[in-house]
Amino acid sequence: MKSYHIQYGGGLESLRLREHPVPAPGPTEVLVRIWANSLSSRELNILRGRYPLPVADDIIAASDGAGEVVAVGAEVDRVQVGDRVMGVVFQRWFDGRFDLAHADQLGGSLDGLLTEYAVLDQDGVVPIPGQLTYEEAATLPCVAVTAWNALVGGQGLAPGEHVLTLGSGGVSLFALQFAKLLGARVIATAGSDEKAARLTELGADAVINHNLTPDWAKQVRELTDGRGVDHVVDVAGSLNESLRATATGGEVAFVGSLGGADPIDARLLFTSSVTLRPIALGHKAHFQSMNEAIAAADLRPVIDRVFPFDETPAAFRYYLDGGGFGKIVISHAA
């Protein structure tokens, strides 16, 4: 079998293709033939040496993968050969609040899924929603679960509430799709008119060009009759502007700081009475409830490009250069 390995802080030049014997599953483990992967910003952060959790030396890359169970251990009783599954990123975080005791993650402290075969515990996989292809399913484990947790894992999202998403990255696109699925009204920001049009096609009720309107919180207030939104999914670290855009008692899910985070105005945080909730992806229960919603609504992930497995370095380069609109997927069948 073949797998792609990376080195923490090693940059794209550390990406190496290696060959190994196909592993055998232990008593409670399953052997999965991986058919598709997707790339997320966590992979870029590992390559840049900016990932906050432990990363093993010469690790098999990628937290996100989907495939078919081809063998099971003697004590496995919840998964069968032939099942279509996805790996849970945090293999031991099943429910409840995040704790470092649950911090083992695929593609970090544990070997990832950018490989032809992977051994996972039966508790570390979930079924693929029936209508999704392997390529579509591979987009879900990291950014989709993060978006779902951002919307429903805190105060919860009620129909008719207002959600603000920032930009057109993977988390923001899933947050837009999930918010509409749950009956919310969505205001999005975008960096170009072209991306604004794409966000509108996905269901955004209003889109603000943040390059033309740097004080976008003011416009968010105007679009909500001065009240502000109930939820913000902040992937950019623009927390002060997000606080200004949020209604009293609302919630800001702090997902990341792709653009670098400004110091938080403590007085603004206090006077806004907004809950600021950092998001560490999500647990298995989030993943399962999200999959149920995806299946019921026949939701399809947004995919920008699919690269063959043997063109994985090109997929990483494309992603490093900014990608396009939607997830970057690597298909083992292409």
Side-chain angles (χ1 to χ4, degrees), residues 1-20 34 36-66 86-91 100 103-116 118 135 138-147 167-174 235-237 254-261 278-282 303-332 334:
M1 59 172 259
K2 297 177 181 179
S3 60
Y4 283 95
H5 295 239
I6 56 175
Q7 191 68 38
Y8 182 75
L12 186 54
E13 55 271 23
S14 73
L15 182 67
R16 292 287 184 270
L17 181 64
R18 305 194 192 284
E19 293 191 4
H20 316 262
I34 304 297
N37 306 95
S38 74
L39 300 181
S40 300
S41 60
R42 69 179 301 282
E43 271 67 63
L44 300 189
N45 286 334
I46 289 173
L47 290 174
R48 293 166 175 159
R50 300 176 186 171
Y51 192 59
L53 293 174
V55 178
D57 187 54
D58 193 38
I59 197 76
I60 296 177
S63 63
D64 290 16
M86 302 165 287
V88 180
V89 178
F90 286 101
Q91 286 279 289
L100 288 179
D104 284 339
Q105 1 83 54
L106 298 176
S109 57
L110 305 173
D111 275 329
L113 300 183
L114 193 48
T115 180
E116 292 180 310
E135 289 76 16
T139 69
L140 301 181
C142 183
V143 300
V145 175
T146 300
S168 55
V171 171
S172 297
L173 292 183
F174 274 115
V235 299
F254 180 28
V255 175
S257 54
L258 295 178
I279 299 296
L281 207 146
I303 294 175
D304 177 64
R305 281 189 64 179
V306 178
F307 289 81
F309 182 71
D310 61 2
E311 294 181 16
T312 290
F316 270 85
R317 288 190 204 98
Y318 180 73
Y319 192 37
L320 279 166
D321 290 341
F325 187 93
K327 290 289 286 178
I328 311 303
V329 172
I330 295 166
S331 173
H332 300 224

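- Side-chain polar atoms of D58 and Q7 form no donor-acceptor pair below 3.5 angstrom.
- Taken from CE in M86 to OG1 in T139, the straight-line distance is 9.0 Å, to the nearest 0.5 Å.
- Here OG1 of T146 is found 8.0 Å from CD1 of I279. Values are rounded to the nearest 0.5 Å.
- Between E116 and M1, the closest heavy-atom pair is OE1-CA, 3.2 Å.
- The closest donor-acceptor contact from the side chain of R42 to the backbone of L39 lies at 3.5 Å or more, if one exists at all.
- For the atom pair L47 CG and S14 OG, the distance stands at 5.5 Å (nearest 0.5 Å).
- Summarising the geometry of V306 relative to S331, their closest heavy-atom pair is CG1-CB, 3.6 Å, with the distance given to 0.1 Å.
- Side-chain atoms of R48 and L320, non-hydrogen and from C-beta on, do get closer than 4.5 Å to each other.
- With rounding to the nearest 0.5 angstrom, the CD atom of E311 is 8.5 Å from the CZ atom of R305.
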Test D64 against L106 for side-chain contact (heavy atoms from CB on, under 4.5 Å), laying out the working first.
CA-CA 8 Å; D64 290 16; L106 298 176; over 6 Å; no
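- The closest side-chain heavy-atom distance from D111 to I59 is below 4.5 Å.
- For the 3.5 Å distance criterion, the side chains of N37 and H332 qualify, holding a donor opposite an acceptor.
- Ring geometry, F309 versus Y4: the interplanar angle exceeds 60°, so the pair is classed perpendicular (tilted spans 30 to 60°).
- K327 and S40 make their closest contact through NZ-OG, 3.1 Å (heavy atoms, listed as atom of the first residue, atom of the second, distance).
- Nearest heavy atoms, Y319 versus S41: OH-N, 3.1 Å.
- Between P313 and L12, every side-chain heavy-atom pair lies at or beyond the 4.5 Å cut-off.
- Rounded to the nearest 0.5 angstrom, L17 CG and S3 OG are separated by 7.0 Å.
- You'll find the side chain of T312 reaches within 4.5 Å of the side chain of L114, heavy atoms only.
- Side-chain contact check for Y318 versus D304: some heavy-atom pair is nearer than 4.5 Å.
- Within the 4.5 Å cutoff, the side chain of F90 has heavy atoms near those of the L53 side chain.
- Across all their heavy atoms, I328 and G323 have their closest contact at CD1-CA, 4.5 Å.
- Contact of the L140 side chain with the F174 side chain is registered, since non-hydrogen atoms from C-beta on lie closer than 4.5 Å.
- How far OG of S63 is from CG of L113: 7.5 Å, rounded to the nearest 0.5 Å.
- In this structure, Y8 contributes its side chain and G49 its backbone to a donor-acceptor pair below 3.5 Å.
- Checking side-chain atoms of S172 against main-chain N and O of S168 turns up no donor-acceptor pair under 3.5 Å.
- Side-chain N or O atoms of Y51 include none that pairs as donor or acceptor with a backbone N or O of G9 at under 3.5 Å.
- Q105 approaches P54 most closely through the heavy-atom pair NE2-O, 3.4 Å.
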